Participant: 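One structure, as structure tokens, below. Some questions next.
All chains are named by letter (A, B, ...) in the order of the sequence lines, taking the proteins before the strands, and each is independently numbered beginning at 1. No experiment lies behind these values; they were computed from the predicted model shown. Computation of the quantities below employed the complete heavy-atom set of this structure, encompassing side-chain atoms and omitting hydrogens, waters and symmetry-equivalent molecules.
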2 protein chains.
Amino acid sequence: MRASVPITVDGLKTACSQCNLVELCLPFGMSDRELSRLDELVGARRKVKRQHNLYRAGDPFEAIYAIRAGSFKTDVLLEDGREQVTGFQMTGEILGLDGISTESHSCNAVALEDSEVCVIAYDKLEQMSHEIEGLQLQFHKVMSREIVRDHGVMMLLGSMRAEERLAAFLLNMSQRFTARGFSASEFNLRMTREEIGSYLGLKLETVSRAFSRFQEDGLISVQQKHVQLLDPAGLKRLIQHQHGAR
Amino acid sequence: MRASVPITVDGLKTACSQCNLVELCLPFGMSDRELSRLDELVGARRKVKRQHNLYRAGDPFEAIYAIRAGSFKTDVLLEDGREQVTGFQMTGEILGLDGISTESHSCNAVALEDSEVCVIAYDKLEQMSHEIEGLQLQFHKVMSREIVRDHGVMMLLGSMRAEERLAAFLLNMSQRFTARGFSASEFNLRMTREEIGSYLGLKLETVSRAFSRFQEDGLISVQQKHVQLLDPAGLKRLIQHQHGAR
DNA sequence: CACACCCGTTGACCCAAGTCAACCAACATA
DNA sequence: TATGTTGGTTGACTTGGGTCAACGGGTGTG
């Protein structure tokens, strides 16, 4: 637990039209004309240091955030201190959608490494969505994707065994690294075993053991946060026909 | 598993402005002027018989649905047949938001009893959102609420013990019945123990045992689907300070 | 109105994952 | 370069919830 983040805004306006993350981010699928108008929407960037919060549960909701560099986790806390990590977010992904419903955030967003986000004022987004056809549609798709993703996590948590959960997690990470132009088979995780465990509804020891098991079975090679997928098909098979599962 | 639903549209247009569910439904918070315009948006109603699907995973996405009467469950299926119930929906709640992202539905929606929905064509909704200020905002709030709700379920599934999950479930049901003008302490569940179990990531036997345990402890009184909450505060306490939890 | 089937309950037993503990490796800080 | 601290691994043991099985009651269908 670290101190609250000192808000770090640098004056630089970010141009969506020149950002290499368009393919992954809010502007996806919009026309060039629309894209250029979007540049007005995106305000300043904000830097968030590792372990610092982008926002906290209870904070008033003013903006959503597009990750420009780095990565985050979101979590919810119970009164008694139990933590549930609800997601890990990478570049191009949108943070803060949870805040719209009650006009205040319902979870915490914490940077897993030194990161930078584009701040998108929500009232401006609302207004501009009235004007730009493609923006509204794309924004709805982003929210809908989040809902679908969450259903997938419920599937993980509700119906899979420990090793299946970790396999699904690794394949998901691989797929998202690939979409960002990184290797599908080799990457560095940014989160701890405990954070993975919280996300997957497992204790950190169980996560660690599953990693070791996968290594023994020649499915992956792990060394701390560095992971190499040696047999992605094997991992997929593990999810599909593991029987006797709950 | 039953046959696919024969689409049952009756010609009656539904007037949001005259519906007693406004408080709970999409039109919430909109002005009277806006509300009257909304009547154009909502197309026909559709009846869905118990056990029949409103839509299935893979169906092309065309509309979202507001529940006018009855209730539903949504679920996702794994290749090997495992089912995960992702939610239970009651009157005034919106179904189908999962379909926006890929333009096809990603889960199944099944009626738990004979039910009726208002069909809201998505392209019309998009178009009208450009024109009606309050509609866009409200629609975003509905989607955001769904995301927040899903995070709550992840908390359940990832960090709570069996009895805590059931207690949280019962309190949630109670709260939603209350919002609909029904008793907070006495209601009939529409779903089976197996469906509750799937939703909570438990086996039906465990759900049944937890019900019995609660009854022994004087927290509730159960008889089949009929539930009476005798000590809601006790149920709340159970969630908050149950220690030794995972 | 009868009958089958589905649903819910309960018991006995088992196992996957949690708990507790020791230890080691990385990495940050002085 | 030393040194404290955090993160990860592994082992031994425990346990909450899953599994399997038997049974009884409700209810929707013919």
Side-chain angles (χ1 to χ4, degrees), chain A residues 1-2 49-51 73 82-83 85 112-114 156-167 169 188-216 220-227 238 242-246, chain B residues 1-3 49-52 73 82-85 111-114 156-167 169 188-216 220-227 238 242-246:
Chain A
M1 222 63 78
R2 302 290 170 89
K49 282 214 163 320
R50 190 173 119 87
Q51 301 277 42
K73 69 169 178 182
R82 279 179 281 180
E83 179 197 29
V85 171
L112 294 175
E113 59 194 306
D114 292 356
L156 267 189
L157 292 171
S159 317
M160 289 183 175
R161 328 176 86 268
E163 292 186 0
E164 294 179 282
R165 295 185 202 187
L166 187 64
F169 170 73
N188 281 296
L189 298 172
R190 296 289 137 81
M191 66 295 282
T192 66
R193 299 291 189 260
E194 187 168 22
E195 286 164 335
I196 296 172
S198 171
Y199 180 63
L200 299 177
L202 303 169
K203 293 276 114 176
L204 68 99
E205 294 94 329
T206 306
V207 174
S208 182
R209 276 186 249 269
F211 268 119
S212 302
R213 185 85 207 289
F214 287 173
Q215 182 154 256
E216 278 167 40
I220 66 171
S221 152
V222 225
Q223 200 180 22
Q224 307 289 124
K225 296 194 155 64
H226 185 81
V227 178
L238 207 120
Q242 184 136 350
H243 291 296
R246 63 163 101 164
Chain B
M1 224 65 75
R2 302 293 169 88
K49 282 213 166 315
R50 192 174 118 87
Q51 301 277 43
H52 284 251
K73 69 168 177 182
R82 278 180 282 179
E83 179 198 29
Q84 175 68 34
V85 171
L112 294 175
E113 59 194 306
D114 292 357
L156 267 189
L157 292 171
S159 317
M160 289 185 175
R161 329 178 84 269
E163 293 187 358
E164 295 179 281
R165 296 185 201 186
L166 187 64
F169 169 74
N188 281 293
L189 298 172
R190 298 288 139 79
M191 65 294 283
T192 66
R193 298 291 189 261
E194 187 168 23
E195 287 164 333
I196 296 170
S198 171
Y199 179 64
L200 299 178
L202 303 169
K203 293 277 118 179
L204 66 98
E205 294 94 330
T206 307
V207 174
S208 181
R209 276 187 249 268
F211 268 118
S212 302
R213 185 86 208 287
F214 287 173
Q215 181 155 255
E216 278 167 40
I220 66 171
S221 152
V222 225
Q223 198 180 27
Q224 307 291 125
K225 296 194 155 64
H226 185 81
V227 178
L238 206 116
Q242 184 134 350
H243 292 295
R246 61 164 104 164

Participant: Quick check: do B:Y199 and B:V207 have side-chain heavy atoms less than 4.5 Å from each other?
Facilitator: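 No; the side chains remain at least 4.5 Å from each other.
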Participant: Could you tell me the separation between the CZ atom of A:R161 and the C1' atom of C:dG18, rounded to a whole number of Å?
Facilitator: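 Interatomic distance, CZ of A:R161 to C1' of C:dG18: 15 Å.
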Participant: Does the side chain of B:F214 come within less than 4.5 Å of B:V222's, by heavy atoms?
Facilitator: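 SC-SC contact between B:V222 and B:F214 ruled out.
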Participant: Dot-bracket for DNA chain C, please. Rules: Watson-Crick or G-U, both distances under 3.5 Å, ( ) within the strand, [ ] when a pair crosses earlier ones, | for another strand, . otherwise.
Facilitator: ||||||||||||||||||||||||||||||
Participant: Once you round to the nearest 0.5 Å, how far does CD1 of B:I196 lie from CZ of B:F169?
Facilitator: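 It is 4.5 Å, given to the nearest 0.5 Å.
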Participant: Is atom CD of A:Q215 surrounded by more than 12 heavy atoms (other residues, nucleotides or ligands) closer than 6.0 Å?
Facilitator: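 Yes, enclosed.
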Participant: How many whole angstroms separate atom CG of A:L157 from atom P of D:dG17?
Facilitator: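 In whole Å, D:dG17 P and A:L157 CG are 15 Å from each other.
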Participant: State, with a plain yes or no, whether a side-chain heavy atom of B:R50 is found less than 4.5 Å away from one of B:L112.
Facilitator: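 No; the side chains remain at least 4.5 Å from each other.
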Participant: For B:E113 and D:dT27, what is the distance between atoms CD and P respectively, to the nearest whole Å?
Facilitator: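 Checked: the CD to P distance equals 15 Å.
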Participant: Produce a footprint string for nucleotides 3-9 of chain C: one letter per nucleotide, 5' end first; B if the base is under 4.0 Å from any protein heavy atom, S if only the sugar-phosphate is, - if neither.
Facilitator: ----SSB
Participant: Quick one: CG on B:D114 to CD on B:Q51, what's the gap to the nearest 0.5 Å?
Facilitator: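 CD of B:Q51 is found 10.0 Å from CG of B:D114.
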Participant: Measure from CG on A:L166 to P on D:dT9 and round the result to the nearest Å.
Facilitator: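 Result: 11 Å.
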Participant: State the CG-CZ distance between A:L156 and A:R161, to the nearest 0.5 angstrom.
Facilitator: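 Interatomic distance, A:L156 CG to A:R161 CZ, rounded to 0.5 Å: 14.0 Å.
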Participant: Round to the nearest Å and state the distance from A:L112 atom CG to D:dG7 atom P.
Facilitator: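 Between P of D:dG7 and CG of A:L112: 12 Å.
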Participant: Nearest-Å distance, CG (B:L202) to P (D:dG16)?
Facilitator: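 In whole Å, D:dG16 P and B:L202 CG are 14 Å from each other.
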Participant: Roughly how far apart are B:R82 CZ and B:Q84 CD, rounded to 0.5 Å?
Facilitator: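 Output value for this atom pair is 10.5 Å.
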Participant: Nearest whole Å is fine: how far is D:dG26 P from B:H226 NE2?
Facilitator: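 Distance, rounded to whole Å: 14 Å.
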Participant: What's the separation between atom NE2 in A:H226 and atom CD1 in A:I220, rounded to the nearest 0.5 Å?
Facilitator: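 One gets 10.5 Å once the value is rounded to the nearest 0.5 Å.
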Participant: Without decimals, in angstroms, what is the distance between A:I196 CD1 and D:dG8 P?
Facilitator: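 After rounding, the reported distance stands at 8 Å.
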